[in-house]
Amino acid sequence: MVTRRAYITHMGSYLPNRILTNADLEKIVDTSDEWIVSRTGMRERRIAHEGEFTSDMGYQAAKKCLENAQIDPNEVDLIIVATITPDYLFPSTACMIQELLGASRAAAFDIQAACSGFLYALGTAKSFIESGIYNKILVIGSEKLSSIVDYEDRSTCVLFGDGAAACLVQEGGSGLRIDAFELGADGHQNHLLILPGGGCRKPTSLETLKNRDHFLKMDGRGIFKHAVRRMEQSMVETIEKANLTCEEIDWLVPHQANIRIIDSLTKRCGIDDSKVIKTVEKYGNTSASSIGIGLDEMIEKNLIKEGDNLLLLAFGAGLTWGSMVLKMVGAK
Ligand code: UT7
């Protein structure tokens, strides 16, 4: 039997050109550049334009990805979109991007695993490819977090930004081979990061509007504690699954929620700081898009060499978490 292997062969990303700086935020809420930089590492984040939605940003990233791959949208078998800020509760944002791309052959669905969404989607794509069901899958992370951020709540509004990333996952070829992954969840802690309103439990009403339940709520300290612990455990498990040791990891590509979380994982992994991808300063936390944006920047800068092992790490609402090991095979 021939073993099928899933590879990320091409990527693309999209960031709106509208920039929200810490100085801008100082004018909106009681905060300071000093607090934001020292507590989070963030200086700027991108904000989508009026009339620019999650599907538009996802489409832009996917279009670049397919152009890089020189693949006609009609060759795509499946589109998976990871997002917590879909254009609508339904239909899925994946269906909207399918239409924008003209990828009429593709099946399409969304995955909702918050900031771990990109890894949940990649793991799903790998499984579809390696089981022989599909050959070409577009995985997209796209978020318009500015649409669910409360710009009157200083504890959250400084943290989030908008943007999208897409990758083409194919059977065989060359690129980043998906070698191992691990996904996890802890529903007991669902209250720590939540968008309370707009679902069937609290449909939109005057009451939910008054309570600002249409904006995300986060217990930052609670989340922080779980984030470090869960990602550390997940990292160990996945490195072992890939038959590697920490020393053999060449690049760490973590979710970009907080520079202090990233630094703690860097220490734990024992990897040199120069081998850790950090975009948090420029883009803040872009949830399901952050890992894809980081990966695309690495590819653009031609940082990844033949045989390099990459460790991707994510954590988010749910709680959810995940880790994945990729190996560069057949680099040009
Ligand atoms: O991507 C999904 C996963 N998300 C995460 O992983 C986020 C994890 N959490 C964090 O990154 C951090 O907990 C935060 C950055 C959200 C907060 O940092 P912290 O060091 O945990 O601060 P804190 O929430 O404990 O607040 C410390 C103080 C409080 O004041 P008091 O009570 O000590 O007087 C807050 O009111 O900082 C205050 N504060 C602020 N001050 C200025 C909170 N937000 C701000 C702000 N500017 N923007």
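Nothing here was measured: the structure is a model prediction, and the numbers come from that model. Numbering of ligands and ligand atoms starts at 1, following listing order.
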Closer than 3.5 angstrom, by distance alone: can the side chain of D179 be matched with the main-chain N or O of A242 as a donor-acceptor pair?
no
Inspect the contact between R105 and E75 and indicate whether a charged nitrogen and a carboxylate oxygen are less than 4.0 angstrom apart.
no
Would you say ligand 1 has an N or O under 3.5 Å from any N or O of H255?
yes
Under 3.5 Å: donor-acceptor pair, side chain of Q233, backbone of R230
no
Kindly state if atom 44 (N) of ligand 1 has a protein heavy atom within a strict 4.0 Å cut-off, that is, under 4.0 Å?
yes
How does T31 reach ligand 1, if at all, at less than 4.0 Å between non-hydrogen atoms: by side chain, backbone, both, or neither?
both
Verify the distance criterion only: is there a donor paired with an acceptor across the side chains of E143 and S289 at less than 3.5 Å?
no
Out of S116, G318, C115, who is nearest to atom 2 (C) of ligand 1 when you count heavy atoms only?
C115
Heavy atom of the protein closest to atom 21 (O) of ligand 1 (residue, atom name, distance):
R221 CG, 4.0 Å
Which protein heavy atom lies closest to atom 20 (O) of ligand 1, and at what distance to 0.1 Å?
R39 NH2, 2.7 Å
Has D162 got a side-chain atom pairing as donor or acceptor with A48's backbone, closer than 3.5 angstrom?
yes
Atom 22 (O) of ligand 1: of W35, W321, F315, the nearest heavy atom sits on W35
If we count only non-hydrogen protein atoms and require a distance under 4.0 Å, does atom 33 (O) of ligand 1 qualify as touching the protein?
no
Heavy atom of the protein closest to atom 30 (O) of ligand 1 (residue, atom name, distance):
R154 NH2, 4.3 Å
Considering only protein heavy atoms, which is closest to atom 1 (O) of ligand 1, and at what distance to one decimal place?
N285 ND2, 2.7 Å
Answer yes or no: is there an ion pair linking E281 with R43, defined by an N-O contact shorter than 4.0 Å?
yes
Using a 4.0 Å cutoff against the non-hydrogen atoms of V158, which atoms of ligand 1 qualify?
48 (N)
Testing the 3.5 Å rule here: is there a donor-acceptor pair between the side chains of S205 and E207?
no
Has ligand 1 got any nitrogen or oxygen that is less than 3.5 angstrom from a nitrogen or oxygen of N258?
yes
Looking at ligand 1, does any of its N/O atoms fall within less than 3.5 Å of an N/O of G220?
yes
Using atom types as modelled and distance alone, determine if a side-chain donor or acceptor of D110 lies under 3.5 Å from a backbone N or O of A94.
yes
closest protein heavy atom to atom 19 (P) of ligand 1 is R260 NH2, 3.7 Å
Would you say the side-chain atoms of D33 pair up with the backbone N or O of A23, donor to acceptor, closer than 3.5 Å?
no
Answer yes when K278 and D273 have at least one side-chain N-carboxylate O distance shorter than 4.0 Å, and no when they do not.
yes
of all protein heavy atoms, closest to atom 7 (C) of ligand 1 is I223 CG2, 3.8 Å
So is I36 touching ligand 1 or not, going by heavy atoms under 4.0 Å?
no
Against heavy atoms of T40, which atoms of ligand 1 measure under 4.0 Å?
15 (C)
State plainly whether the residues D153 and K217 are in salt-bridge range, i.e. N to O under 4.0 Å.
no
